[in-house]
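Proteins come first, then strands; the chains are lettered A, B, ... in the order of their sequence lines, and each starts at number 1.
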Amino acid sequence: MKHDERFWDAAFSEAFSGETPPDLVARVLARGASPSGAAAPSGRRAPARRTGLWRAAGVFAASLVLSLGVGFLQALWFAPAAGHSPALDALAGDLAATERRVDDLLKSESAGETALWASVVRVSQSLDRVNLALSRQPKAESLDEVVARVADQREAKASELRLRKHVEHVLARHQRETESIVAGLREKVGITQEEEKAARAVLEAWGLRLTESISVYHRRRDHRRHAPEVREGLAELAAEAAMGVRAVLEARRQLAFDDWMAQGHGGALAQGAERWAPPAVFNNWDDVDEYLAWQR
Amino acid sequence: MEQGLDIESLVRAHQADIWRFLRALGCSAHEAEDLTQETFLEVMRRPFEQRSEASTAAYLRLVAKHRLFMERRKQGRMKELEALEGIEEQWAEFARDDGGEGRVEALKQCMQGLEERELRALDMRYRLNLPREEIARALGLSDGGVKNLMERARDKLKQCVERKLRNGN
């Protein structure tokens, strides 16, 4: 037997060291019963609704912009009256239109990602105009308040831009990775058409979860503090996706898949967090210009 | 549709086999314990149809091996897992139908038939994990000498174990 020596070494080790196999019944049952124990989502679970990745990413970005826009309007409602502003009317109109478009896209099968992004950009630009209109109104602010306000506005815009750029990067990358992984599965693992279809569904769900994770990361106030946790999370998502792809394969092809992965293939399935973010995202970095320079 | 999974019976019946299999794949005892646990938790997340003891054992080994792959991937230690094709089937043959328990018990009995120096050499190798040059120094032998001594002792044990297993001891 090819692996004979390895097996005997393990048996000698057990016999000489006095180690015995542990009794894990109680621990497995306890962990299995706890909410976070065995109940982690599996790669085989299909998304509740089949939305394209671009639509989903657009929904996340749109929801962020919508929440900023709605929050802005609410803040203005409670702020001292600043007078009627055409910019505010335009913003409210754009928000309503974007909400309607998000609902339509979620219901329809059409690839409306370009139009959705255009809506997101329009709302974002409306927010900018409102910003500008308000900033021109005379206000008795101290210098410190002005500095703080400008810094907050700059940070909010930078954060929004980082999110959009990051999600675009992840989506584009995921698309390329999916095709590369599927090509590898066809050539080296010999998957059937049905298995390919199921594997693509797993990979699509993975992409959705990637963009969710990235979006949540950028929305956090102190996102740098959460960077290591997000990195771990992205690596976990890759491992779960790999397990999910494996699970849709027939038993012999599962072995071929294991060997294919063991030889260093599998692309982003095997690469942890590195493919999804520039290293700077997980270090101390907040400069949009630096991000854009990395992008180039 | 799968039958309800009796996880307690499943763990009792297969935990030793999976732990030993993972040890054979190079895990430390502690790591093998964690990954064995992860294997059964994985099965709880994705129940499967249990057709026979043999196919259940085979499936659990596949899951365990994959958990190890994922762990090694995270650690950047994939090279350690090269050339493991077919290892599950060969393990099934080596461990037989008792998860390797009979083989280890036979081995412990056979150890009593070794000479003092052979026993010491293997003890230093497998219990204390000493490198060969240290064992050679402790026994007053050359490196080549201790290598031959340990190979002879291992062959003696293997033959003794195979005899006992054939005779049903």
Side-chain angles (χ1 to χ4, degrees), chain A residues 1-34 37-45 232 235-236 238-240 242-244 246-247 251 254-259 261-264 266 269-272, chain B residues 7-8 11-12 15-21 23-26 29 32-33 36-37 40-42 44-46 58-59 62 65-66 69-70 72-74 78 81-88 90-91 93-95 99-101 103-105 107-108 110-111 122-123 125-127 129 154 157-158 161:
Chain A
M1 265 196 285
K2 186 176 158 190
H3 301 292
D4 220 40
E5 276 312 306
R6 184 191 277 275
F7 298 157
W8 276 110
D9 269 352
F12 289 137
S13 185
E14 186 180 339
F16 278 91
S17 67
E19 288 160 355
T20 51
D23 185 356
L24 297 171
V25 172
R27 280 159 57 182
V28 169
L29 291 176
R31 270 190 71 185
S34 78
S42 79
R44 274 195 303 190
R45 189 183 64 190
E232 283 287 326
E236 279 288 335
E240 285 193 17
M243 197 68 167
R246 184 181 189 277
Q254 285 184 344
L255 298 182
F257 177 81
D258 288 345
D259 288 334
M261 294 283 275
Q263 282 158 38
L269 286 178
Q271 292 294 328
Chain B
I7 194 68
E8 185 174 338
V11 174
R12 281 197 202 290
Q15 59 183 344
D17 176 68
I18 298 302
W19 183 84
R20 288 192 174 108
F21 176 57
R23 294 281 278 131
L25 291 181
E33 188 173 318
T36 301
Q37 203 185 147
F40 289 110
L41 289 172
E42 183 62 39
M44 284 174 80
R45 284 198 285 269
R46 300 179 221 261
Y59 178 70
L62 270 178
K65 184 175 148 190
H66 194 76
F69 274 18
M70 293 202 301
R72 288 291 180 263
R73 199 173 296 125
K74 275 192 212 172
M78 289 303 289
L81 301 176
E82 277 170 6
L84 289 183
E85 59 270 18
I87 195 166
E88 298 92 339
Q90 291 185 22
W91 172 258
E93 206 182 312
F94 184 84
E101 187 70 31
R103 198 175 283 273
V104 171
E105 285 311 309
L107 189 48
K108 287 176 182 172
C110 292
M111 276 157 62
L122 293 186
D123 183 66
R125 162 70 179 86
Y126 288 109
R127 187 174 62 87
N129 293 311
R154 277 194 285 255
L157 288 174
K158 287 177 191 176
V161 168

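Using modelled atom types, no side-chain atom of R20(B) and backbone atom of P21(A) make a donor-acceptor pair closer than 3.5 Å. Formation of a donor-acceptor pair under 3.5 Å by the S13(A) side chain with backbone atoms of D9(A) is not found in this model. The backbone N or O of E14(A) lies less than 3.5 Å from no partner atom in the side chain of E19(A), so there is not a single donor-acceptor pair.
Contact count against chain B (heavy-atom pairs under 4.5 Å) is highest for V25(A) among D259(A), L29(A), V25(A). Each of R125(B), R127(B), R12(B), Q37(B) has some count of heavy-atom pairs under 4.5 Å with chain A, and the biggest count is that of Q37(B). Contact tally against chain A (heavy-atom pairs below 4.5 Å) for H66(B), K108(B), R72(B), K65(B): the top residue is H66(B). Here I87(B) is the residue among V104(B), I87(B), L107(B) with the most heavy-atom pairs under 4.5 Å with chain A. The choice from L157(B), I7(B), N129(B), D17(B) that makes the most heavy-atom pairs within less than 4.5 Å of chain A is L157(B).
For P22(A), the side-chain contact (heavy atoms from CB on, under 4.5 Å) test picks out L24(A), W19(B), E33(B), with sequence neighbours left out. Among residues two or more places apart in sequence or in another chain, the side-chain contact (heavy atoms from CB on, under 4.5 Å) test is passed with A239(A) by M70(B).
For R154(B), the parts sitting under 4.5 Å from any heavy atom of chain A are the backbone and the side chain alike. Using a 4.5 Å cut-off between heavy atoms, R103(B) touches chain A through its side chain atoms alone. Interface residue E88(B): only side-chain heavy atoms are found under 4.5 Å from chain A.
Aromatic ring orientation, W91(B) versus F7(A): perpendicular (interplanar angle above 60°, classes split at 30° and 60°).
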